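This report refers to the structure that appears directly beneath it.
Every heavy atom of this structure was used, including side-chain atoms; hydrogens, water molecules and symmetry mates were not. Numbering of ligands and ligand atoms starts at 1, following listing order. Please read all numbers here as calculations on a predicted model, not as lab measurements.
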Amino acid sequence: MRTLHTVAELRSALAQPRREGRRVGLVPTMGAFHDGHRSLMRRARDECGLVVVSLFVNPAQFNEQSDLDTYPRDERRDAMIAAEENVDLLFAPTAAEMYPQGFATTVHVGGVASGLEGTQRGPGHFDGVATIVTKLFTIVAPDVAYFGQKDAQQVSVVRQLVRDLNLPLEIVACPTVRESDGLAMSSRNALLDPSERQRAVALYGALNAAQELVSGGERSATTILAAAAAALAQASLDPDYLALVDPSTFAAVSSVDGPTLALVAARVGSVRLIDNQLLV
Ligand code: AMP
């Protein structure tokens with residue numbers, strides 16, 4: 001595996017594999033790798049002739065300076081993990097490389113980007129995601145890019161972006177990888193103290209409570225959301241949002257009559273976590 005820090009180095013490393021007609025897969029990440037990241041790398045390795053992983057803690061998508069400052073970073077460990085997963089190229093640019101002086105362009109996605117994370121974290125969050133993802137797609141020109149269903153709204157935003165701008169690549173969403181107690185893996189989990197770590201599993205508990213009611217035939221969103229909120233309250237968690245939405249539009253539903261996405265965001269201590277589950 002080669003680690004590259006500049007756009008020029010990456011482009012030149014991609015030229016020969018592309019001439020050979022190898023299928024290029026991109027896994028965009030912010031590092032602090034865990035098994036969720038590994039699952040995306042493995043899927044890319046299975047399906048592509050050349051695997052590029054980007055590692056960039058993108059300041060533009062952070063709405064809180066303290067979140068950006070405390071975000072876990074360990075490039076050496078990440079490089080070892082990516083090498084273990086047989087990644088070909090690790091692209092780890094500096095902020096100045098991605099946003100050189102005078103940078104003045106933003107990609108704005110409407111529609112699916114407007115509610116939930118878009119509301120809680122502000123419009124700058126998904127603008128930041130859309131802008132960096134567009135840059136990565138342009139720099140790498142992958143045939144396929146891999147994202148985690150853990151960030152369900154992000155996947156929808158990226159799909160909307162690709163559709164609207166006719167970007168010539170395929171988007172693959174990979175299932176959420178969980179700890180043994182059900183907590184969705186996240187780089188931010190490393191910031192939880194032991195008692196917060198125990199309470200954090202209530203996000204998964206809330207989603208399961210919703211699924212249980214739906215499995216029992218309940219249709220009312222109000223009733224289902226009340227059960228999910230009760231599961232959070234048991235762990236003294238007050239959600240930023242708890243929502244049931246149509247997975248294709250992210251519009252709230254009042255009745256669960258088809259595939260419905262349950263989403264939750266909550267702060268556990270100072271660490272903000274999100275999770276979601278498709279209710280079937
Ligand atoms: P991040 O480094 O947190 O920006 O995540 C990089 C990619 O890994 C994103 O597409 C995430 O959705 C995905 N990801 C993060 N956590 C998980 C997880 N627990 N399971 C599957 N994918 C994940």
Side-chain angles (χ1 to χ4, degrees), residues 25-47 51-64 67-68 70-75 77-79 81-82 85 87 90-93 95 98 112-113 116-117 121 125-126 128-137 140 142 144-162 169-192 197 200-201 203-204 207 247 261 263-265 268 271-278:
L26 171 67
V27 181
T29 82
M30 299 203 300
F33 293 154
H34 50 66
D35 286 356
H37 297 109
R38 283 185 189 263
S39 75
L40 271 52
M41 295 176 203
R42 276 179 206 163
R43 177 86 181 261
R45 185 70 283 166
D46 282 351
E47 297 181 353
V51 176
V52 183
V53 171
S54 63
L55 192 181
F56 181 58
V57 182
N58 175 30
Q61 72 189 71
F62 282 77
N63 55 316
E64 283 177 16
D67 188 25
L68 176 60
T70 58
Y71 199 84
R73 292 170 172 86
D74 192 344
E75 187 182 321
R77 177 178 170 274
D78 285 345
I81 291 174
E85 297 300 338
V87 166
L90 182 66
F91 177 51
M98 295 311 270
V112 293
L116 304 170
E117 290 297 286
R121 303 189 66 178
H125 170 63
F126 281 128
V129 170
T131 303
I132 196 68
V133 162
T134 304
K135 282 174 67 79
L136 289 169
F137 289 173
V140 178
V144 49
Y146 298 85
F147 291 85
Q149 192 57 32
K150 150 88 171 25
D151 298 282
Q153 192 176 10
Q154 174 171 278
V155 174
S156 289
V157 169
V158 171
R159 287 194 193 283
Q160 179 88 47
L161 167 76
V162 165
L169 78 160
E170 182 192 338
I171 301 300
V172 171
C174 302
T176 301
V177 177
R178 298 180 178 282
E179 302 285 355
S180 54
D181 65 356
L183 176 66
M185 289 197 181
S186 162
S187 302
R188 290 187 179 86
N189 292 352
L191 304 172
L192 299 168
R197 169 63 187 81
V201 76
L203 274 80
Y204 179 62
L207 299 172
L261 195 60
L263 301 114
V264 60
V268 186
V271 184
R272 188 171 180 279
L273 300 177
I274 61 172
D275 200 353
N276 69 87
Q277 191 172 312
L278 192 65

Next on the checklist: Run L40 and E85 through side-chain contact (heavy atoms from CB on, under 4.5 Å) and show every step you take.
Outcome noted: CA-CA 10 Å; L40 271 52; E85 297 300 338; over 6 Å; no
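Residue-level proximity to ligand 1 for H34 is carried by the side chain, the only part with a heavy atom below 4.0 angstrom. Under 4.0 Å from ligand 1, the heavy atoms of P175 that appear belong solely to its backbone. Residue-level proximity to ligand 1 for R178 is absent, since no heavy atom of it falls below 4.0 angstrom. Contacts between M185 and ligand 1, counted as non-hydrogen atom pairs separated by less than 4.0 Å, involve both the backbone and the side chain. In P28, the part holding a heavy atom less than 4.0 Å from any atom of ligand 1 is the backbone. At a 4.0 Å heavy-atom cut-off, ligand 1 touches L40 through the side chain alone.
Residue K150 has at least one heavy-atom neighbour below 4.0 Å for each of these atoms of ligand 1: 16 (N), 17 (C), 18 (C). Close contacts of ligand 1 with F147, meaning ligand atoms under 4.0 Å from a residue heavy atom, involve 10 (O).
Nearest protein neighbour of atom 5 (O) of ligand 1, counting heavy atoms only, is H37 NE2, 3.4 Å. Among protein heavy atoms, atom 3 (O) of ligand 1 sits closest to Y71 OH, 3.7 Å. For atom 11 (C) of ligand 1, the nearest non-hydrogen atom of the protein is D151 OD2, 3.1 Å. Nearest to atom 22 (N) of ligand 1 among the protein's heavy atoms is G148 CA, 3.5 Å. Atom 20 (N) of ligand 1 has as its closest protein heavy atom V177 N, 2.8 Å.
Residue contact check for ligand 1: F56 places no non-hydrogen atom closer than 4.0 Å to it.
Ligand 1 has an N or O atom lying under 3.5 Å from an N or O atom of M30, backbone or side chain.
Side chains of E47 and Y146: a donor on one and an acceptor on the other come within 3.5 Å.
Looking at R38 and D35, a side-chain N of the basic residue comes within less than 4.0 Å of a carboxylate O on the acidic one, giving a salt bridge.
Distance alone, capped at 3.5 Å, places no donor-acceptor pair between the D151 side chain and the Q154 backbone. Between the side chain of R188 and the main chain of L273, no donor-acceptor pair closer than 3.5 Å is present. For Q153 (side chain) and E117 (main-chain N/O), a donor-acceptor pair under 3.5 Å exists by modelled atom type. Without hydrogens or angle criteria, S156 side chain to V112 main chain gives no donor-acceptor distance under 3.5 Å. Between the side chain of D78 and the backbone N or O of R73, no donor-acceptor pair lies under 3.5 Å. Counting only distance, with no hydrogens or angles, the side chain of D67 and the backbone of F62 share no donor-acceptor pair below 3.5 Å. Between the side chain of N276 and the backbone N or O of K150 there is at least one donor-acceptor pair closer than 3.5 Å.
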